[in-house]
Amino acid sequence: MKGWRDRRTGLLLPLTLLLFWEHNSLALICGRLASTRFQQQNNVSAIMGGNPTNISEFPWHVGIMNHRNLLCGGSILSEWWVLSASHCFDQLNNSNLEVIHGRDDLSTKEMKYHKVDKLILHPKFDDWLLDNDIALLLLKSPLNLSINRIPICTSEISDVQTWKNCWVTGWGITNISGIKTQPTKLQKVKVDLYRWDWCGYVLPLLTKNMLCAGTQNAGMDACQGDSGGALVCNKKRNIATWYQVGIVSWGMGCGKENLPGVYTKVSRYLKWITKQTAKAGKPYVYEQDTACPLVISCWVILFLYFVMFLLTW
Ligand code: ARG
């Protein structure tokens, strides 16, 4: 009898921790827009070949500034962390880096600048192949999350079939022929994800840490200045939540027929992100995404409560 009671208390502790973890992960709100209007307009042709957009449609998008000049794009992972590309920060230090957020117009006067405390580049970033093109920026003070500043979700799912309705955003150049034009208003473009083997066939030196995305029509792509920005998609089964699948990394020119853009495959770096953010004292916790819908998590919680109830009876 005593042995059973001991085992019972032994079980309670892990169960309580599990419940706490489940609640915490459910409480994380990422990738949800204040309005769902945007999700219905799937057929808008959208950057290069893109359309201007409002920050409320892509509230995770931020600009990374060096000496107050736009350097690259980035995305909000949490109130403390911004995700971007390593190649943006070649030989730069973080003292002049700032992040602008919650705005889609670069010419606006009331721009809010947020200082960067720490820049973490991937230790295996290869500046020739652009392999492991990922970087984390820790902010000096936390962001005030709001409808125009919402963290993007991440997912360990790497299968391109899971995703639909994929978009890239940025203030990069919109035209490479003639005069290079850089927009002041944030641009969006809709792209399709391609299977890795097809990408590897048309693009040389593609590594397994990269994915490619483009459109059938030439002229629609990310381009110079868009690097570091997020490639985001919905799951086929859940169009209410946005996930970051890629980081704008490189391309052979921009918008050329049959030459899709190349992105860092975020799903390969979630463990690295978790480790680095914990090491810096501001852990980023992502919701485990095992193709299992959210409702199941609720059942798991209920079931665990039931087990706890029986054990404490
Ligand atoms: N490397 C570029 C940058 O630093 C991004 C190029 C993306 N090119 C493309 N065709 N998708 O902004």
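In this chain, residues are counted from 1 in sequence order. Counting convention: from 1, in listed order, for ligands and their atoms alike.
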Near [X], which atoms of ligand 1 are under 4.0 Å from a heavy atom of that residue?
X	value
D221	9 (C), 10 (N), 11 (N)
G261	11 (N)
D226	12 (O)
G225	3 (C), 12 (O)

Answer yes or no for [X]: is there a heavy-atom contact with ligand 1 below 4.0 Å?
X	value
G172	no
G253	yes
S249	yes
K256	no

(message) Heavy atoms only, cut-off 4.0 Å: how does C72 contact ligand 1, side chain, backbone, both, or neither?
(response) neither

(request) Specify the closest pair of heavy atoms between L206 and G200, including all atoms of both residues, with the distance to one decimal. (result)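 So the two residues come closest at CD2-N, 3.7 Å.
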
(message) So which atom in L259 and which in D221 form the shortest heavy-atom distance, rounded to 0.1 Å?
(response)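 Of all heavy-atom pairs spanning L259 and D221, the closest is O-OD2, 4.3 Å.
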
(request) Please write down residue, atom name and distance for the protein heavy atom closest to atom 5 (C) of ligand 1. (result) S227 OG, 2.9 Å

(request) Hey, can you tell me if H101 and H114 have their rings parallel, tilted or perpendicular (30° and 60° cut-offs)? (result)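 Ring orientation of H101 relative to H114: perpendicular.
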
(message) Once you measure the plane-to-plane angle for Y269 and H122, does it fall in the parallel (<30°), tilted (30-60°) or perpendicular (>60°) bin?
(response)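 Perpendicular.
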
(request) Using a strict 4.0 Å threshold on nitrogen-to-oxygen distance, state whether D105 and K185 make a salt bridge. (result)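 Not counted as a salt bridge, because no side-chain N and carboxylate O are separated by less than 4.0 Å.
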
(request) Decide if the gap between the ring center of Y243 and the ring center of W163 is smaller than 6.0 angstrom. (result)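 Ring-ring flag for Y243/W163: true, centres closer than 6.0 Å.
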
